[in-house]
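Working notes, structure below.
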Amino acid sequence: INYANEKVHQYFIKNTFKEEQEIYKREGISLPEIQYQDNQDALDILEDKKRGVFAMIDDEGKKPKASDSNLLASLHTAHRSKTKRWIKPANYKAPTFNSASVTPQPQSQTKATDKEVFVF
């Protein structure tokens, strides 16, 4: 939902502010500069074909020993100094998991409620 909202926001900015200001300038109409927050840098973090979050998730998923901790470390490395929007927490520690916590159990041994179901 947030990604879709950012895309709609960018579409609105592009079509309402950017293009209208260009039209006014071309036609010589004086217009005070409209200040707005451009979110293109946020979309670039997500959509970049090589180092975007979506591309990096796909790449990590193709690795034989993929893990969320490796993905998170790669994301921090790729984006930490490129934008003010990417903030690595000061007390960041890579998450650790033991294999027993994510290994599916035979159904006869478990009784999961709807809130406990995890899709593998």
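These values consider heavy atoms only, across backbone and side chains, with no hydrogens, waters or symmetry-generated copies. Please read these numbers as outputs of a predicted model, since none were measured by experiment.
Counting heavy-atom neighbours within 6.0 Å of K14 NZ, excluding the residue itself, gives a total of 12 or less. For Y24, the OH atom is loosely surrounded, since the number of other residues' heavy atoms within 6.0 Å does not exceed 12.
Residues passing the ring-ring contact (aromatic ring centres under 6.0 Å, His included) test with F17 are F12, Y36, sequence neighbours excluded.
Considering NZ of K62 and CD of E60, their distance stands at 12.0 Å, rounded to 0.5 Å. Distance CG/L43 to CD/Q10: 5.5 Å, rounded to 0.5 Å. In this structure, the separation between NZ on K49 and CG on D44 is 11.5 Å, given to the nearest 0.5 Å. Atom CE of residue M56 and atom CG of residue D48 lie 10.0 Å apart, to the nearest 0.5 angstrom. Here CD1 of I29 is found 9.5 Å from CD1 of I23. Values are rounded to the nearest 0.5 Å.
Without hydrogens or angle criteria, E6 side chain to A42 main chain gives no donor-acceptor distance under 3.5 Å. A distance-only check finds no donor-acceptor pair linking the side chain of N70 to the backbone of A66 [under 3.5 Å].
The residues E20 and K25 are annotated as not salt-bridged, no charged nitrogen and carboxylate oxygen being separated by less than 4.0 angstrom.
Shortest non-hydrogen contact noted between L31 and Q21 is CD2-CG, 4.2 Å. Summarising the geometry of A78 relative to R51, their closest heavy-atom pair is CB-NH2, 3.3 Å, with the distance given to 0.1 Å. Minimum heavy-atom separation, Q37 to I13: O-CD1, 3.0 Å. Between E19 and N15, the closest heavy-atom pair is OE1-OD1, 3.3 Å.
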